Each structure stands twice: as C-alpha cells, then as structure tokens.
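What follows is a single structure, written as structure tokens, with notes after it.
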Amino acid sequence: MGKKRKHSETQTAEPTKKDEGAPERPKRTLLGWKDKEEAKKQTESNSESSQFFRNKEKVMVTCSRRINYRYRHLMLNMVSLLPHCKKDNKVESSSSKGATLNELIELRGCSSALFFECRKHQDLYLWMAKCPSGPSVKFLVNAVHTMEELKLTGNHLKGSRPLLTFSSNFEKDAHWKLLKEMIMQIFGTPKGHRKSKPYHDHVFVFSIVDDHIWFRNYQISVPHNESDKMVRGGLDKMTLVEVGPRFCLNPIKIFAGSFGGPTLFENPFYVSPNQIRALEKRQKAGKYAKKVKAKTRRKMHELSNPLEPDEFADMWKE
C-alpha cells in the first residue's frame, strides 16, 4: 500500500496580501509609463531651457558663374574666416537668382547668405541676406586685396571666434544700425559651434569712411616667454597685427525681402561702374578732339601767315 500524504502538504498556499503602503501604478501614456512628479519635472526643465537663446546661425557662401580669379580667392578667404559657413556650387546670375538661392539656402539648412556676384568680369557685387523673410543688402565691393596678395605677417588659428568692432558712425542713421545688426549676425561665430575654437585671437574691424564700410582683420598679439607663458603685464603690451583680407563695401540698396522686395533704403551718392567707365571714355575722347583742333588751328595759322620766299633756297641745286 502507498504511503499516506501528510496533512501539511495537502494545505493550499494562502495568497499573499498586498502591501497597503505600495505606491499607485503610474499612468500609461503614448510615450510609456509616466509618473506625475516626473512629468512635472520634465515640463519645468523644458520651460527653463526654452528661456535661454541658443545661436544656431549658419551662413551659405556662394558665387555666380564666370567670376574672376581674384574675387574667387576673396570668397575662399571669407570661407576660411567663418567656421559656421557652408560653401555651395555656383549660381547663374539672372533675374530669377533670388528664388534659386532661397531654395538652396533652405535645402542647406542655413539662415543667412553671402552671394558674390561678378558682372563683366570686373565688377563685384556682394549680396548679404537673411533668409527666407529678409532683409537683404546689395553692396559694390571695391579695393579688394586677398591674403595671398598682401602677404602680411599676422596669423591666427583657423576656426577661432572673432571679436567684432564697429566705429561710432554706425549709430547715426537707421540704415547703418540695420547693417550693423546684419553684420553681427552673419560674421559673428556662434558660441559652442562644432567647427569653432572656444577662444578669441583676432578682431574684425568695420569702420565707415566716406559712406563706405571698410573691413580689416587683425590678430591679437600678446608677448610670451620662452616657456610659452604670458609676461607679467602682457595685456598692457597687447598689439594688433593685420592678417587680411581687405575690401570696401559701398551700400547700394536695402530690400525688405530676401534678394528682393520693397526698397527700404537707396544710396543717393552711388555711381555705377558703367557710368564711371563712360566718363573716362569721354575724357579720352576729349583728348583726341583737342589734338584734332590743335592740328586744324596750326594749318589755318600756316595758311594765314605764309613764309617769305628764300633767296638762297635754290643756290646749291645748280
């Protein structure tokens, strides 16, 4: 006969009672399980982070077709000075270039643009635009000197953030204030950009002389010891050494939109390069006309004052 089972084994296990002090089950959302306190903390942190502004400025730099080699080198110098810029292919300089550039800027994820437009292989125009809503400025570029051409002694690290300095003339009129704000947004490297260095060792200088904006780039030079340590009182001996490039911007028009739109400002002192060349041709033509008049006056003088016949003119012919 088989053995009888013990009475203890036949007893069923009593179900365990739930702990009365256990926390309530969190609510389930589309993104997963969330507790009320955690959700409040996340919303508070998101609201705090949204209060701080983060500069995400990106500039697209491009040029038109059939650009001169000198102006192309200037564009490449500007690309090397701006670590937050993106270079793109050449764009045809036509009436519909604004729509094409706006589309390219949107595809590249940029918010500003520098467009170097060359005409007649000798005139360079610079478009400085905020996309896609504007405003935009058209400049005539004069007095261009590239880094390769100048061969200056200044040198600074590639990708370092520049200090922007402006002359006091920028606070005079409204259009100069607008240009100053656009230059600050386009030429100022955002803090913490992945291609930038976290310190300043050069200065961009923008000064207004004769209603033109003159650009200079200087290295901040501080004396150091042999052990590469700064000398005591070295900040007082700080000097500026020019690096390059150099150019002059003559503002033509300020538009409300991106690469067009209603005109906000028009320079009354602007004279196009075509008019300057036409005046030079007229001056050269005036010189030739003076020479022709002088020849005719000489002939009339000879006819009105003939020479007397010489008695000894035919003496040696016999």
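Just so it is clear, the structure is predicted and the values come from calculations on it, not from any experiment.
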Sidechain-backbone polar pair: H212 side chain, D210 backbone, donor-acceptor under 3.5 Å: yes
Pairing residues for K158 by the side-chain contact (heavy atoms from CB on, under 4.5 Å) criterion, not counting sequence neighbours: S80
Results of side-chain hydrogen bond (donor to acceptor under 3.5 Å, both in side chains) for K172 - residues two or more places apart only: none
Heavy-atom check, side chain of P251 versus side chain of Y270, under 4.5 Å: no
N250: partners by side-chain hydrogen bond (donor to acceptor under 3.5 Å, both in side chains), with sequence neighbours left out: N267
Pair T146-N77, side-chain donor/acceptor within less than 3.5 Å: no
Atom CD of E311 with >12 non-hydrogen neighbours under 6.0 angstrom: no
Between side-chain atoms of residues 275-295 and protein atoms elsewhere (two or more places apart, or another chain), which donor-acceptor pairs fall under 3.5 Å?
unit_1 : atom_1 : unit_2 : atom_2 : d
R277   : NH1    : D123   : OD1    : 3.2
R277   : NH2    : D123   : OD2    : 2.9
R277   : NH2    : N274   : OD1    : 2.7

Qualifying residues under side-chain hydrogen bond (donor to acceptor under 3.5 Å, both in side chains), relative to R246, sequence neighbours excluded: E242
Sub-4.5 Å side-chain heavy-atom contact between N89 and L104: no
Heavy-atom closest contact (I67 atom, K90 atom, distance): CG2-NZ, 4.2 Å
Whether E266 side chain and K253 backbone form a donor-acceptor pair below 3.5 Å: no
Heavy-atom check, side chain of F115 versus side chain of M75, under 4.5 Å: no
Enclosure of K86 NZ (heavy-atom neighbours >12, cutoff 6.0 Å): yes
Over all atoms of both residues, closest heavy-atom pair of P245 and M147: CD-CE, 3.8 Å
Other residues, nucleotides, ligands: >12 heavy atoms within 6.0 Å of E106 CD: no
Pairing residues for H175 by the ring pair (Phe, Tyr, Trp, His ring centres under 6.0 Å) criterion, not counting sequence neighbours: F265
F170: ring pair (Phe, Tyr, Trp, His ring centres under 6.0 Å) partners, not counting sequence neighbours: F166
Least distance between heavy atoms, F187 atom then L82 atom: O-CD2, 3.9 Å
Pairwise side-chain contact, V243 with Y218, heavy-atom cut-off 4.5 Å (strictly under): no
With sequence neighbours excluded, residues passing side-chain hydrogen bond (donor to acceptor under 3.5 Å, both in side chains) with D310: none
Neighbour count above 12 (heavy atom, 6.0 Å) for Q122 CD: yes
Partners meeting ring pair (Phe, Tyr, Trp, His ring centres under 6.0 Å) with H202 (sequence neighbours left out): H156, F204
Qualifying ring-ring contact (aromatic ring centres under 6.0 Å, His included) pairs, either residue in residues 66-111, two or more places apart: none
For residues 124-137, tabulate all N or O donor-acceptor pairs below 3.5 Å that involve a side-chain atom, not counting sequence neighbours.
unit_1 : atom_1 : unit_2 : atom_2 : d
W127   : NE1    : E117   : OE1    : 2.9
K130   : NZ     : E57    : OE1    : 3.2
K130   : NZ     : E57    : OE2    : 3.0
K130   : NZ     : S112   : OG     : 3.0
K130   : NZ     : Q185   : OE1    : 2.9
S136   : OG     : G257   : O      : 2.8
S136   : OG     : F259   : N      : 3.2

Members sharing W214's hydrophobic cluster (side chains within less than 4.5 Å): V209
